[in-house]
Amino acid sequence: MQTWSEIVVDVQQNWWLYASMPFVAAIIGYGTKIVAINMMFRPLEFFGIKPYLGWQGIVPRKAAVMAGIACDTMTTKLISPEDIFNKLDPDRIAKEIEKPLLEAIEDITREVAIHYSPGLWEVAPQSVKNKIIRRIQDDAPNIVNNIMSDIKTNIGSVFDLKDMVVTSLLRDKQLLNRIFLEAGSGEFRFIRNSGALFGFVIGIVQAVTWALTHSPWVMPIFGLFTGWFTDWLALKMVFNPKQPTKYLGGLIQWQGLFLKRRHEVSAEYGRLIAKEVVTPRNIIDSILRGPLSDRLFGMVQKHVQLVVDEQSGMAKPFVVFAVGSGRYQEMKLLVAQEIIKRLPETLKNIEQYAEDAMDLERTLASKMTELTLEEFEELLHPAFEQDEWILIAVGATLGFLVGELQVILMEHFAR
């Protein structure tokens with residue numbers, strides 16, 4: 001230990017070195033936070049030599065777990081398939097897709113007739129052909145209306161919301177990152193900035209300790225402590241305490257930042273999910289190509305075959321006689337298959353109506369305000385909890401290394 005006068009002389013001679021310590025510590029605190037945040041989300045794919053050396057962002061690496069957690073909260077507490085489809089009007093949908101549907105039916109009728117009875121269709125008068133096509137077209141809105149009503153009644157058998165959400169998030173890891181980053185933008189900004197503030201305060205203590213001891217261990221130990229403590233404290237302050245709590249005799253009141261920003265986060269989360277995940281396009285794609293799509297085909301086939309039989313009317317025995325009973329059944333199946341094949345393109349016309357009618361952005365934001373604090377926390381906390389110790393350890397290691405470099409530089413300039 002130096003005498004007081006020696007300490008004063010040392011500080012006067014190397015004042016700029018002492019003045020730099022809080023700023024260097026602030027840089028350590030800020031820099032380690034940037035590194036920690038980036039390590040949570042980048043790179044999207046593993047970079048390095050598997051399995052020994054390398055890194056993949058925690059969220060992309062555990063995409064299945066993250067997507068599952070986000071999906072569980074979303075599908076069990078925020079929205080259900082019934083919430084989505086009950087707002088859709090079958091008559092309005094039939095009207096929205098009327099034009100492309102009529103065109104598709106005209107093509108399908110012609111193709112099926114030529115395929116199964118080319119000679120008969122070719123020699124038929126144009127007026128007869130037009131009449132057949134028109135009769136089927138006249139019933140097209142009823143087909144759509146009946147199918148939509150059937151879907152709404154049996155939505156659980158044709159639409160798997162959880163599968164759609166998880167599939168969308170696993171397919172696009174960048175989107176999964178965006179959900180956490182944009183919904184938690186305020187929290188990540190706080191973590192970065194708090195690292196600089198806490199680091200500066202620790203740097204003042206570091207300067208005093210160096211003046212008293214001049215120990216070469218002061219810098220790396222304080223650097224390690226700055227990296228570790230600022231990471232740990234910032235992460236805690238994001239989610240704790242859950243309720244507003246006063247500290248220092250009431251001078252300071254604090255509530256976990258994520259919980260305090262509840263309404264702002266709800267609006268942003270609702271916007272992201274409605275615009276990127278639970279979209280009309282994704283819903284339609286999931287119904288048409290998802291794990292339950294075969295049941296939808298069964299519904300369409302049932303309604304289409306009923307219409308074909310009805311439109312055949314008195315001519316049905318002659319049609320059966322002309323093409324055969326087996327071929328007639330094949331013909332009805334082919335009509336249904338062709339309609340299913342053209343549905344993705346046809347249903348694009350209802351996307352804007354469906355988005356307006358479902359109003360998922362507002363629905364999600366409203367439902368999120370009804371969550372308990374614990375349930376709301378689960379929207380973002382999993383991204384921090386997964387391998388949190390690694391982020392803190394990296395921050396501590398970087399702080400130690402910078403502190404060691406700081407010792408070398410200070411001893412050099414002091415000499």
Side-chain angles (χ1 to χ4, degrees), residues 32-79 159-192 231 235 238-239 258 265-291 351 355 360-361 364 368 376-395:
T32 54
K33 301 306 157 290
I34 292 177
V35 171
I37 292 170
N38 275 280
M39 287 181 68
M40 289 174 65
F41 300 100
R42 297 180 181 86
L44 287 178
E45 303 299 334
F46 185 87
F47 179 80
I49 304 171
K50 283 188 175 182
Y52 308 106
L53 183 64
W55 184 257
Q56 181 182 12
I58 291 174
V59 171
R61 176 159 50 88
K62 302 204 171 183
V65 176
M66 297 293 184
I69 292 172
C71 181
D72 285 341
T73 301
M74 194 185 311
T75 57
T76 59
K77 299 181 176 68
L78 299 180
I79 54 173
F159 178 52
D160 188 336
L161 176 61
K162 185 169 184 176
D163 176 81
M164 186 202 74
V165 172
V166 172
T167 300
S168 297
L169 295 179
L170 289 181
R171 183 173 57 231
D172 189 352
K173 293 177 182 176
Q174 185 62 49
L175 172 60
L176 184 62
N177 277 356
R178 280 184 57 206
I179 289 174
F180 284 110
L181 280 168
E182 293 185 27
S185 59
E187 286 64 42
F188 292 115
R189 185 167 55 250
F190 167 78
I191 288 172
R192 287 194 300 269
D231 272 4
L235 291 172
V238 166
F239 298 103
F258 185 65
V265 172
S266 296
E268 183 62 19
Y269 191 85
R271 183 190 68 79
L272 274 168
I273 297 301
K275 297 295 183 184
E276 304 285 354
V277 182
V278 189
T279 65
R281 180 167 297 183
N282 285 348
I283 292 170
I284 291 170
D285 188 69
S286 177
I287 291 175
L288 296 178
R289 299 186 178 90
E351 287 180 8
E355 183 176 335
L360 283 176
E361 183 175 340
L364 283 167
M368 285 175 67
F376 187 80
E377 182 182 336
E378 284 302 308
L379 292 172
L380 186 66
H381 206 172
F384 292 91
E385 285 182 317
Q386 297 292 324
D387 294 339
E388 181 182 291
W389 68 272
I390 296 178
L391 303 178
I392 296 175
V394 169

Under the criterion side-chain contact (heavy atoms from CB on, under 4.5 Å), I'd like the reasoning laid out for L176 against V59: C-alpha separation, chi angles, the key distance, then a yes or no. CA-CA 8 Å; L176 184 62; V59 171; 3.9 Å; yes
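To the nearest 0.5 Å, atom CG of residue D285 and atom OG1 of residue T167 are 9.5 Å apart. The NZ atom of K275 sits 10.0 Å away from atom CG of L360, with the distance rounded to the nearest 0.5 Å. Atom CZ of R189 sits about 7.5 Å away from atom CZ of R192, to the nearest 0.5 Å. Note: R281 CZ to E351 CD = 4.5 Å, rounded to the nearest 0.5 Å.
You'll find the side chain of E361 stays beyond 4.5 Å of the side chain of E355, heavy atoms only. At least one side-chain heavy atom of L181 sits less than 4.5 Å from a side-chain heavy atom of F188. The shortest side-chain heavy-atom distance between L272 and V277 does not fall under the 4.5 Å cut-off. Looking at heavy atoms from C-beta onward, L169 lies in side-chain contact with I179 at the 4.5 angstrom threshold. Counting only heavy atoms from C-beta outward, the side chains of N177 and L44 approach each other to under 4.5 Å.
Across M368 and G270, no two heavy atoms sit closer than the pair SD-N, 4.5 Å. Pairing each heavy atom of G54 with each of F46, the nearest pair is CA-CZ, 3.6 Å. Pairing each heavy atom of K33 with each of I191, the nearest pair is CG-O, 3.3 Å. In plain terms, the two heavy atoms of P60 and P43 that are nearest each other are CG-O, 4.0 Å.
When the side chain to side chain donor-acceptor pair (under 3.5 Å) test is applied to N38, the partners found at least two apart in sequence or on another chain are R42. In this view, D172 and Q174, L175 satisfy the side-chain contact (heavy atoms from CB on, under 4.5 Å) rule, not counting sequence neighbours.
Judged by distance alone, with hydrogens and angles left aside, the side-chain atoms of Q56 form no donor-acceptor pair with the main-chain N or O of F47 at under 3.5 Å. Looking at S168, its side chain does come within 3.5 Å of a backbone N or O of M164 through a donor-acceptor pair.
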